[in-house]
Number of protein chains: 2
Amino acid sequence: MRYHKVPDETIRRLPVYLRGLCSFPNDGSRSISSQQLAEVLHVKSPQVRKDLSYFGDIGTPGVGYDIQKLKKHIRTILRLNNTHCAALIGYGNLGAALLKYTGFKTFCVEISAVFEINPRKIGRVVQKIKIEDVSNISSLRKRGISVAILAIPALESQDVTDKLIDAGVGGILNFTPSYLSAPTNVKVVNIDIGVSLACLPYYLPVGA
Amino acid sequence: MRYHKVPDETIRRLPVYLRGLCSFPNDGSRSISSQQLAEVLHVKSPQVRKDLSYFGDIGTPGVGYDIQKLKKHIRTILRLNNTHCAALIGYGNLGAALLKYTGFKTFCVEISAVFEINPRKIGRVVQKIKIEDVSNISSLRKRGISVAILAIPALESQDVTDKLIDAGVGGILNFTPSYLSAPTNVKVVNIDIGVSLACLPYYLPVGA
DNA sequence: TTAGGTCTGTGAACGAGAACTCAATCACGA
DNA sequence: TCGTGATTGAGTTCTCGTTCACAGACCTAA
Ligand SMILES: NC(=O)c1ccc[n+]([C@@H]2O[C@H](COP(=O)([O-])OP(=O)(O)OC[C@H]3O[C@@H](n4cnc5c(N)ncnc54)[C@H](O)[C@@H]3O)[C@@H](O)[C@H]2O)c1
Ligand SMILES: NC(=O)c1ccc[n+]([C@@H]2O[C@H](COP(=O)([O-])OP(=O)(O)OC[C@H]3O[C@@H](n4cnc5c(N)ncnc54)[C@H](O)[C@@H]3O)[C@@H](O)[C@H]2O)c1
């Protein structure tokens, strides 16, 4: 492997590969070819090989990829070896749904802190987590929490983002419909549900 | 404007432009330049002009874009002139959050039907909508509902998708972590929250 | 009426990422 | 030990989308 900047698109596909591998029928075979992997995941096989080749020689020519080794390798690349703790900011409609969701553990991510501004919610215990006051965000650094999920009203999002960054957070999953300013060493991933939904009618057949 | 296939990326930006225009400070000026628009939305100004130019001459050289006209124009392109009714499939954690959300009306989309398989939920009235049995999906065609939001367990997603397509649905917003097979005339937009979250640790500074 | 400044629309250059292709590599069996 | 078939890794090509740059349209004011 030579030096290469890894495309963001590749990073985004790795979790998909990982999930595919986890749910792969354990039919005794220890290895899987890029062809088989590609079919399950609905991508092309050269894509799979190129993605994986960015990170060194993982596969074996003539054989394929060792399933267990590949899983471990992808986890290492994504830093998902040990469980990551994430903070949820905003326990509203969306926040509550996210907190109840158990699917994140496939990716070794676990929501381990919840912050609110509403006094009626602060102090309540939900899913074994005690909801804290939003001013406690500054404690995130010493608690080793560096990933945050933003599910608060758009107006407050930049303020809270600034606080998160001050507290050493390096990755933010943003559900609010606002653009968040952040230094380049902080990664912001946006999920804009409204925009995704608004795109659909365009693709409907005319007259529908 | 010549004939051009419009890039998907352009379509995806249009709702962002629309939302930006809606929240633009109404300081009396009737028009806005691509420069100003670009600043608000954090894109480059040639991008804005190119995106809009796919759909004919909307702006006025030397002046800019008439704000009200542009809003109307974008709505027309995206077919968001008259309210679109959408069906929500699955009233679980996520489905409930989506149904309560009022922000979709910015984009003239409204959830007007909810389907469930759980008998204890069927028949309940939530947000003025009566939850129906999933077998009623076939009635969507005559009700003129052609957009659906999938928020059910992954295992059932392909089955229900097939039913939705049979019922004439042409656009699906998919929250399940599975790949949905659909004919090319049906648009599927995926929102994979788990994958988005799993990407974040990769970008954290080493040692964090 | 015309000159000068502003801003759009668009062809062309550029860049990133996806798909293709094939030489190099490996397992296995003769 | 060597030949065969399978499969990777990576250089090349292709496709799509973004950025650039400028001609032309428009407004205003003298
Ligand atoms: N619910 C959805 O389906 C949906 C869809 C698309 C986008 N969103 C976006 O997600 C965000 C959350 O949506 P929601 O429906 O859960 O809203 P919500 O109003 O139900 O919940 C927001 C929660 O955040 C809390 N909050 C407000 N300010 C805060 C602060 N400064 N610090 C900590 N907590 C604070 C509020 O007390 C409330 O509990 C919004 O930006 C919304 O636009 C939601
Ligand atoms: N909740 C989250 O935060 C979250 C995050 C990421 C992904 N997801 C995905 O979104 C989907 C829904 O998640 P959830 O947390 O709301 O799950 P949930 O279990 O809370 O809700 C699922 C609902 O769908 C209903 N249902 C099941 N089969 C059905 C069918 N065939 N037809 C109609 N309804 C049916 C169930 O009765 C239930 O009410 C899942 O695929 C999940 O993986 C959710």
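Within every chain, numbering begins at 1; the chains are lettered A, B, ... in the order of the sequence lines, protein sequences first and strands thereafter.
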Between [N] atom [atom2] and [X] atom [atom1], what is the distance in whole Å?
| X | N | atom1 | atom2 | value |
| --- | --- | --- | --- | --- |
| B:Q36 | C:dT6 | CD | P | 14 Å |
| A:R30 | D:dT7 | CZ | P | 18 Å |
| B:R49 | C:dT6 | CZ | C1' | 11 Å |
| A:Q47 | D:dA10 | CD | C1' | 14 Å |
| A:K50 | C:dA19 | NZ | C1' | 10 Å |
| A:I11 | C:dG17 | CD1 | P | 11 Å |
| B:R13 | D:dT18 | CZ | C1' | 8 Å |
| B:K5 | D:dC16 | NZ | C1' | 9 Å |

SB check A:E132 A:R143 (cutoff 4.0 Å): yes
Lys/Arg-Asp/Glu bridge criterion (N-O < 4.0 Å) met for A:D8, A:K187: yes
Taking any heavy-atom pair under 4.0 Å as a contact, classify [X]: base, sugar-phosphate, or nothing.
| X | answer |
| --- | --- |
| B:R12 | nothing |
| A:S34 | sugar-phosphate |
| B:L52 | nothing |
| B:P7 | sugar-phosphate |

Residues B:D66 and B:S31: side-chain donor-acceptor under 3.5 angstrom: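 Checked: B:D66/B:S31 side chains show no N/O donor-acceptor pair below 3.5 Å.
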B:R49 versus B:S34, side-chain donor and acceptor atoms under 3.5 Å: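 B:R49 and B:S34 do have a side-chain donor-acceptor pair below 3.5 Å.
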Please pick, from [options], the nucleotide with the shortest atom-to-atom distance to any side-chain atom of [X].
| X | options | value |
| --- | --- | --- |
| A:S53 | D:dA25, D:dA21, D:dG9 | D:dG9 |
| A:D57 | C:dC7, D:dA10, C:dA18 | D:dA10 |
| B:S33 | C:dC7, C:dA18, C:dC26 | C:dC7 |

Residue pair A:A151 / A:L88: nearest heavy atoms and the distance that separates them: CB-CD1, 4.4 Å
D:dG9 OP1/OP2 closer than 4.0 Å to side-chain N/O of A:Y65: yes
Most 5' of B:D8 and A:Q35 on DNA chain D, judged by nearest nucleotide: A:Q35
Comparing A:T60 and A:T10 on DNA chain C - which has the more 5′ nearest nucleotide: A:T10
